[in-house]
Amino acid sequence: MGAGKTGALAFAAAMALGALGLMAGTSAGAKTPDGAKAPEGAKFDMAAEAAPATTACPSGVGEGARCLTGQDSAGAFYMIVMPKAWNGDLVVHAHGGPFLGAPTLKRVTEDVERWTIMPRLGYAFAASSYRQGGVAVTAAAEDNERLRRLFIDKVAKPRHVYLHGQSWGASVAAKGAELFADGKPYDAVLLTSGVLGGGTRSYDFRLDLRVVYQSLCRNHPLPSEPQYPLNIGLPLDSTMKQHDLAKRVDECLGLNKPAAERTPEQAAKVKTIVDVVHIPERSIQSHLNWATWHFQDIAFKRTGGASPFGNVGAVYAGSADDAALNAGVARYTADPKAVATLSADADLGGRIPVPVLTVHAIHDPTAMVELQESFGRTMAAAGRGDALVQTFTGDKDHSYLSDPTYAALMSALSTWATQGKKPTPESIAAGCEKAREKLGQTCRFEPKYQVQPLESRVAKRDRP
C-alpha cells in the first residue's frame, strides 16, 4: 500500500516547500500554521517551539523511515514518523487512555509502535503524549493542534491532514475537530473504538459498577475503612494501589480463577455484575480501576472535589432479586457545577465541518458499541449527520483490530475528503478484503449491523 516512486517525489517536494516555508512563512497552496482559530486560553507560538531532533525509529514503521522527537512548549512529548515513500499527507494521532501521571516519551513510542500501519501506508504520523495525564479533553485537543502546527512549521507542508482518535482519544479528536474548525485545518477525521458519548454520559455505567459491586462485596471500601461517596472514585489521601484493589476483587469474585474453581457465591456475584451492568466478565477489573482512579482524577483535579456522576432514578435489572438490589445500592446525585465543568471540557457538540468516519467492534469490552449511537445523535442534532459514516466489525477487541481494517478506512476517508465520494459500510468492507490480499490478517466488517441506543444498555437516570 506504499506510494512508491510517486510518494518519494511528493516527499522531496514537500520537504522543499517546508524549507521555503521556514524562510518565507507560507507557500502557494500550503496550509498555514494559524489556519485554525484557537479556543480561549490556547496559545500557539511556533517561535517558542524548538525544531524536533532525529531519533531512532521504533520497529515496524517501515524501512528507511525517518523519526523525529521533541517536547513542545506546553510540556508534551511527541514523535513524528516520516516514511521513505511519503504520500504527502499527515495523520495526527490522539491516543487513548487517558493515562494518569506525568507525560513520557515512552507513551508516545508505544503509540507509534501500535499504529505502524499509518507510516507503512505512506502517511506521515505525528503523536503527542499530551501535556498532562488525566481526563482533560480540551487540553489534549489543544496539544494535538499544537503538534499539527509544529509539523507544518518545522518539518513539512502536508497536502492533507487527517485527525485520528483512538478510544478516549476519539473524544479528544472529535473535540479538536470542533474547536479548530476555522479554515478547516483537518481535512477529515477517523475515530476508532471511540468513547464518544460525551464525558458526562460515557461513564455512567462505571458508577453503576461501583454501586453494584459494593452492594455484593462490601470491600471497596471495607467496613473498617472511612466511608466515602463512591462517585468520587477514591479519597484524595488514599494510598490504595491497583494491586490492592485486585486482591479485594479476587477475594470477592474470584476473577483470577477459572470459572469452575469459583465458589457458588463468587459465581453468582460475577453473573449479577455481568447481567446488571452489561459488561463482560473479562473487563470487570479494568472498569473498576477506571471507576476508582479516573473518577478520583475527575473529581479532585477537574471538578473542584465534587462528582459529575449520579445514579438517582436508575433502575437496575437482571439480578436474581432486582427489588432487593435497587433497594440496597447506594444512590448519589451528580453535582450540577461539576456536571457543567466536565460537560464544557469533555462533552461533544457534533459541529465537525469535515467528513467523519468511525469504526467500532460490536463486542468491544472497554468502550461499549452503543456509544456510537449516542455520537450519531450528536452529529445529527448539530446538522452534520450527513458528514458521518459509521462502520462496525465483529471483533472482540478494543485497542487494535487489524491492518487491512485501518487501510480500508484510510483509503475511504481520503477519497471522501479529496474527491467527495462518500463511502458506505459495504464499500469499506469490500476495501478491507482488497487490502487483505496484500496485508493479510482479518476483515470482520458487518455492514448490516444496526447499533442500539445507549439507554438500551445503561440505566437511565435523573440528571441535573
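Contact check on Lys106 versus Glu110 returns a salt bridge, with a Lys/Arg side-chain nitrogen under 4.0 Å from an Asp/Glu carboxylate oxygen. In summary, Arg248 and Asp244 do not engage in a salt bridge, as defined by a charged side-chain N under 4.0 Å from a carboxylate O. Contact check on Arg201 versus Asp204 returns no salt bridge, with no Lys/Arg side-chain nitrogen under 4.0 Å from an Asp/Glu carboxylate oxygen.
Side-chain contact between Leu348 and Ser171: present, with at least one pair of heavy atoms (C-beta onward) separated by less than 4.5 Å. Side-chain contact between Ser202 and Met368 is absent, with no heavy-atom pair separated by less than 4.5 Å. Proximity of Val108 to Met79: side-chain heavy atoms (C-beta onward) are separated by under 4.5 Å at one or more points. In this structure the side chain of Val312 never reaches within 4.5 angstrom of the side chain of Arg461, judged on heavy atoms. The side-chain heavy atoms of Leu147 and Asp72, taken from C-beta on, include no pair separated by under 4.5 Å. Using a 4.5 Å cut-off on side-chain heavy atoms (C-beta onward), Thr405 and Cys432 make contact. Under the 4.5 Å side-chain criterion, counting only non-hydrogen atoms from C-beta, Ile298 is in contact with Pro308. Using a 4.5 Å cut-off on side-chain heavy atoms (C-beta onward), Met410 and Met118 make contact.
Here the NE2-CD1 distance, from His93 to Ile80, works out to 14.0 Å after rounding to the nearest 0.5 Å. With values rounded to the nearest 0.5 angstrom, Leu150 atom CG is found 8.5 Å from Ser73 atom OG. In this structure, the separation between CG on Asp403 and OG1 on Thr442 is 9.0 Å, given to the nearest 0.5 Å. Taking CZ of Arg377 as the start and CG of Leu388 as the end, the distance is 13.0 Å to the nearest 0.5 Å. From Asp462, atom CG reaches atom OG1 of Thr333 across 8.0 Å, with rounding to the nearest 0.5 Å. One finds the NZ atom of Lys175 at 4.5 Å from the OG1 atom of Thr138 (value rounded to the nearest 0.5 Å).
Checked against side-chain hydrogen bond (donor to acceptor under 3.5 Å, both in side chains), Asn311 has the following partners two or more places apart in sequence or in another chain: Tyr316. Remark: Arg131 pairs with Glu142, Asp143 by the side-chain hydrogen bond (donor to acceptor under 3.5 Å, both in side chains) rule, at least two apart or across chains. Phe295 is linked by a ring pair (Phe, Tyr, Trp, His ring centres under 6.0 Å) to Phe309, counting only residues two or more places apart in sequence or in another chain. Listed by chain and residue number, Gln372 satisfy the side-chain hydrogen bond (donor to acceptor under 3.5 Å, both in side chains) test with Thr358 (two or more places apart in sequence, or in another chain). Take His287 and apply the ring pair (Phe, Tyr, Trp, His ring centres under 6.0 Å) test, not counting sequence neighbours, and it matches Phe205, Trp290. Judged as a salt bridge (Lys or Arg N to Asp or Glu O under 4.0 Å), and not counting sequence neighbours, Arg206 has no contacts. Taking the salt bridge (Lys or Arg N to Asp or Glu O under 4.0 Å) definition, one finds that Glu251 meets it with nothing, sequence neighbours left out. For the side-chain hydrogen bond (donor to acceptor under 3.5 Å, both in side chains) test, no residue two or more places apart in sequence or in another chain qualifies with Glu113.
Side-chain atoms of Arg210 come within 3.5 Å of backbone atoms of Gly233 as a donor-acceptor pair (strictly under, hydrogens ignored). Arg384 contributes a side-chain N or O that, together with a main-chain N or O of Ile352, makes up a donor-acceptor pair within less than 3.5 Å. Side-chain atoms of Lys154 come within 3.5 Å of backbone N or O of Glu49 as a donor-acceptor pair.
Environment of CG in Asp321: crowded, with over 12 heavy atoms of neighbouring residues, nucleotides or ligands closer than 6.0 Å. Gln227 CD: more than 12 foreign heavy atoms inside a 6.0 Å radius. Other residues, nucleotides and ligands place more than 12 heavy atoms under 6.0 Å from the NZ atom of Lys422.
In plain terms, the two heavy atoms of Leu255 and Asp250 that are nearest each other are N-OD1, 3.4 Å. Minimum heavy-atom separation, Thr104 to Ser129: O-CB, 3.7 Å. In terms of heavy atoms, Ala367 sits closest to Gly194 at CB-O, 4.2 Å. The heavy-atom pair separating Phe445 from Ala429 by the smallest distance is CB-CB, 3.7 Å. Taking each heavy atom of Arg120 and Val61 in turn, the nearest pair found is CG-O, 3.9 Å. Scanning both residues, Ile428 and Leu357, for their nearest heavy atoms gives CD1-CD1, 3.6 Å.
The list of ring pair (Phe, Tyr, Trp, His ring centres under 6.0 Å) pairs with a residue in residues 207-254, not counting sequence neighbours, is empty. Contacts classified as salt bridge (charged side-chain N to carboxylate O under 4.0 Å, His left out) and involving residues 338-357 (residues at least two apart or in different chains) are not found. For the ring pair (Phe, Tyr, Trp, His ring centres under 6.0 Å) condition, no pair includes a residue of residues 326-381, sequence neighbours left out.
Counted by atom type alone, Gln390 and Tyr449 present zero donor-acceptor pairs between their side chains at under 3.5 Å. Judged purely by distance below 3.5 Å, without hydrogens or angles, the side chains of Ser283 and Ser286 never pair a donor atom with an acceptor atom. Using a 3.5 Å distance cut-off with no hydrogens or angles, the side chains of Ser319 and Asp322 do pair a donor with an acceptor.
Using cut-offs of 30° and 60° for the angle between ring planes, the Trp115 and Tyr406 rings count as perpendicular. Ring geometry for Trp168 against Tyr130 counts as perpendicular: the plane angle is over 60°, on a 0 to 90° scale with 30° as the lower cut.
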Show your reasoning for whether side chain to side chain contact (heavy atoms under 4.5 Å, CB included) applies to Asp187 and Val354. CA-CA 6 Å; Asp187 292 274; Val354 296; 5.8 Å; no
Using the rule given for side chain to side chain contact (heavy atoms under 4.5 Å, CB included), can you reason through His164 versus Tyr186, listing the C-alpha separation, both sets of side-chain angles and the distance that settles it, and then say yes or no? CA-CA 10 Å; His164 170 226; Tyr186 301 102; over 6 Å; no
Go through it in stages, so that I can follow the logic: the residues are Trp293 and Leu245, the test is side chain to side chain contact (heavy atoms under 4.5 Å, CB included), and I'd like the CA-CA distance, side-chain angles, deciding distance and then a yes or no. CA-CA 11 Å; Trp293 286 279; Leu245 177 57; 3.8 Å; yes
Go through the steps for Thr116 and Phe125 under the test side chain to side chain contact (heavy atoms under 4.5 Å, CB included), then give the verdict. CA-CA 9 Å; Thr116 60; Phe125 187 75; over 6 Å; no
Atom pairs and distances, donor-acceptor, side-chain atoms in residues 267-279, under 3.5 Å, two or more places apart:
from, atom 1, to, atom 2, distance (Å)
Lys269, NZ, Leu216, O, 3.3
Lys271, NZ, Asp275, OD2, 2.6
Thr272, OG1, Ala268, O, 3.0
His278, ND1, Asp275, O, 3.3
His278, NE2, Val276, O, 3.4

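Remark: of the listed residues Ile362, Thr393, Thr391, Ile362 is the sole one forming a side-chain contact (heavy atoms from CB on, under 4.5 Å) with Glu446.
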